[in-house]
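Below is one structure, written out as C-alpha cells, with a few remarks after it.
Read the numbers this way: they start at 1 and go in the same order the structure lists the ligands and their atoms. For clarity, every value in this text was computed on a predicted model and none was experimentally measured.
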Amino acid sequence: MSTEFDTTAGPLTTETGAPVSSNNQSEAAGPGGPLLVQDQVLLAKLAHFNRERIPERVVHARGAGAYGTFTATADVTAYTRAAFLSAPGKATETFLRFSTVAGNLGSADAVRDPRGFALKFYTEEGNYDLVGNNTPVFFIRDAIKFPDFIHTQKRDPYTGSQEADNVWDFWGLSPESTHQVTWLFGDRGIPASYRHMDGFGSHTYQWVNAAGEQFWVKYHFKTDQGIENLTAEDAAVLAGQDPDSHHRDLREAIERGEYPSWTVQVQIMPAADAATYRFNPFDLTKVWPNADYPRITIGKLELNRNPDNVFAEVEQSAFSPANFVPGIGPSPDKMLQGRLFAYGDAHRYRVGINADQLPVNRPHATTARNGNRDGLGYDGRHAGAKNYEPNSFGGPNETGQPLWAPVQVSGPTGEWETPRHAEDDDFVQAGDLYRLMTAGEQDRLIANLAGFIAKVTRDDIAERAIANFAKADADFGARLTEAVAKLR
Ligand code: HEM
C-alpha cells in the first residue's frame, strides 16, 4: 500500500507540519510546576492516542490478513458470466482475512472455534466478497437467531465470562446446530494454523450465465498445505505460550516465500433441481454430499503479500456478502439474506460511511462511479464532478442489467419455517458425520464434548444437549452420556 508518510530524517512535526521542539518534556509552569494548556503537542498527542481504536468487529474480532492472487483454471462460462472467471489463466488480485469468531481482539488464536475465511476478489467488474468459514455448515438456519446465538458464545452479562450453561442451553434448544457442533468438537475444530485448513463459501449462491441460465453453487477452498489440527491439550498450551500463533505463522510463511495456496472448487446444481433435491439446498445446516453434486476445480488461490499496516489493512478491512459482481447473486438462504444487510451496516458503524474508499476496500481493477458524496472522512476524490444522475456532463449511467437473475417465489408472506425436503431433519447429517469418523476421531469428539458439557450446572440443560446427539446416532448419544456422567 502506498504511504504518504515521510520517512526521511528531518524535524519531528505536529499533524499540521510545524516543527516540534521537545517530545520528551511537557511544557510546565516553572521547573516543578503543573503543565500548560498551551502545550498543544502534548494535548494533541494524548487526544490522538485516545482515539486509536475503532469498535472491534462484534464477531470475528481477531483476525489476520494477506493479499494474493486467484487464477482461474477452468472454463466456467457455461455457468456464470462473471468476468474474473471467464477464461483459464485469468488472474485476479485478492485479499483474505482469516479470523476466529467468539474471542475479542486480543484473544488467543489456538482455540476451538470456527475460523473465518473472508475473501475479496478485486475484479474488473467491482469487488466480489465471499465471506465464509472453514466449515461447510453453520449452527442455525435463520438470521433472526444470530444475535441470540452469538450472545451465548460471548461473555455472560452478569459473570463477564463465557458460560457453558448458556452455550449448551442454546445448542440444546436449537437442534439444527447438532451438525455444526459435531463438526466443531471433532479434530478439525482447532486448526493448527490458518494455512492448514479448508475454506468454504458455506451458503448456496446463484450463478447465471450470459444466456440467463441459473445455477446454484457452493464454494470449497481445499488447502494445498494439507489439513493439520491441534488436540485440545496441545492447543491449551499453545494458546498460553503464543496467543498470536496463527498470525505469526501466516506472516512468517509469506515472508519466507512459502506462499500458502488453496485449490478452488465448486459444486454446481442446475436451478431446476432445487425444488426436488433430497435436502433443502438453501439450508445452511446441510451440505450437498459430493456424490450428489461432485466438486469441480475452477482455480487456485495463493496468498503472497503481507499487509504493510495491520490496522489500516486488516482491522479496517470490510467484507460484505452483499458485494456481488455480474453473474453472481444471492440464494434465498435465510441466513445469507440477513447477512446481506448486517455487514454493510457493521462497516458504517465500525469504520464509517466512507469505509469502501479506504485502500484495502476500494475497487483495485475498476473505479467506483456514483453520486454518493461527502460524510466523515471523505477524501474529495470526485473533485468538482457532478453528483447526480442522469446528467448531461458525461457522468456515469445505469446499465439496466441486473447482476443476477430473478428467482421464482410463491405463496403468502409469513414467518414460515424453512421448508423441509424429503430427507431433511436436524440430525441426519450429524449422524452421517459421526459414522464417517474413525474410532480415534470418535473418541476425541466424545472427550471434547463431554469435557465442555460437564461444566454445565443444570442437569436439564446437559440432558437436552446430549439428547440431540443421541438423535443423530444412538451410539454417539450413549457414549456421550457415559462420558459426561464420569466427569460430573
Ligand atoms: C445471519 C447470520 C450472520 C450475521 C448477522 C453475521 C454478522 C456479522 C457481522 C456484523 C460481522 C462483523 C463485520 C464487520 O464488522 O466488518 C461478521 C463478521 C464475519 N462473519 Fe458473520 N454473520 C452471520 C453469519 C455468518 C456465517 C454463516 C458466516 C460464514 C459462513 C460468517 C462469516 C463471517 C466472517 C468470516 C466474518 C469476518 C469478516 C472479516 O474478516 O472482516 N458469518 N458477521
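- Aromatic ring orientation, F185 versus W171: perpendicular (interplanar angle above 60°, classes split at 30° and 60°).
- Counting heavy atoms closer than 4.0 Å to ligand 1, residue M335 contributes atoms from both its backbone and its side chain.
- Ligand 1 has an N or O atom lying under 3.5 Å from an N or O atom of Y343, backbone or side chain.
- Heavy atoms of F200 stay at 4.0 angstrom or farther from ligand 1.
- Here the protein heavy atom with the shortest distance to atom 32 (C) of ligand 1 is R339 NH2, 3.2 Å.
- Among the candidates W207, F282, Y205, the single residue satisfying the ring-ring contact (aromatic ring centres under 6.0 Å, His included) test with W216 is F282.
- Taking atom 13 (C) of ligand 1 as the reference point, the nearest protein heavy-atom neighbour is A346 CB, 3.8 Å.
- Q316 and N361 share no donor-acceptor pair across their side chains, judged by distance under 3.5 Å alone.
- Close contacts between ligand 1 and F138 involve ligand atoms 27 (C) [criterion: under 4.0 Å to a heavy atom].
- Interface of A342 with ligand 1, defined as ligand atoms under 4.0 Å from a residue heavy atom, comprises 5 (C).
- Counting heavy atoms under 4.0 Å from ligand 1, residue S202 touches it through the side chain alone.
- Residue H347 approaches ligand 1 through these ligand atoms, each under 4.0 Å from one of its heavy atoms: 14 (C), 16 (O).
- Of all atoms in ligand 1, listed by their number and element, those nearer than 4.0 Å to a heavy atom of F117 are 35 (C).
- Any N or O atom pair closer than 3.5 Å counts here, and R97 shares at least one such pair with ligand 1.
- Judged by distance alone, the side chain of K218 and the main-chain N or O of V266 form no donor-acceptor pair under 3.5 Å.
- Under 4.0 angstrom from ligand 1, there are no non-hydrogen atoms of T135.
- For atom 35 (C) of ligand 1, the closest heavy atom belonging to the protein is G132 O, 3.2 Å.
- Cation-pi geometry between R373 and Y378 is not satisfied (NZ or CZ under 6.0 Å from the ring centre, within 45° of the ring normal).
- The main-chain N or O of G352 is never found under 3.5 Å from a side-chain atom of H347 such that the two would form a donor-acceptor pair.
- Shown in contact with V59 at under 4.0 Å from a heavy atom are these atoms of ligand 1, numbered in order with element: 8 (C), 9 (C), 11 (C), 17 (C), 18 (C), 43 (N).
- Between Y128 and Y219, the ring-plane angle classifies as tilted under the 30° and 60° cut-offs.
- Atom 5 (C) of ligand 1 has as its closest protein heavy atom F146 CD2, 3.4 Å.
- Aromatic ring orientation, F121 versus F84: tilted (interplanar angle from 30° to 60°).
- A cation-pi contact, defined as under 6.0 Å to the ring centre and within 45° of the axis, links R305 to Y67.
- When atom types are taken as modelled, the side chain of D129 and the backbone of A322 share no donor-acceptor pair closer than 3.5 angstrom.
- Every atom of ligand 1 is numbered from 1 in the order shown, and the set under 4.0 Å from a heavy atom of A143 is 1 (C).
- Checked by distance only, ligand 1 and R57 come closer than 3.5 Å through their nitrogen or oxygen atoms.
- Nearest protein heavy-atom contact of atom 19 (C) of ligand 1 is H60 CD2, 3.1 Å.
- Here's the thing with R350: one of its N/O atoms is less than 3.5 angstrom from an N/O atom of ligand 1.
- The backbone N or O of G68 lies less than 3.5 Å from a partner atom in the side chain of T94, making a donor-acceptor pair.
- Every N/O-N/O distance between S317 and ligand 1 stays at or above 3.5 Å.
- Within the structure, the closest approach of A318 to ligand 1 does not fall below 4.0 Å when heavy atoms are considered.
- The only member of L96, L301, N304, I254 that meets side-chain contact (heavy atoms from CB on, under 4.5 Å) when paired with P260 is I254.
- At a threshold of 4.5 Å between non-hydrogen side-chain atoms, the residues E415 and I144 do not count as touching.
- Listed by number with element, the atoms of ligand 1 under 4.0 Å from a non-hydrogen atom of L284 are 27 (C).
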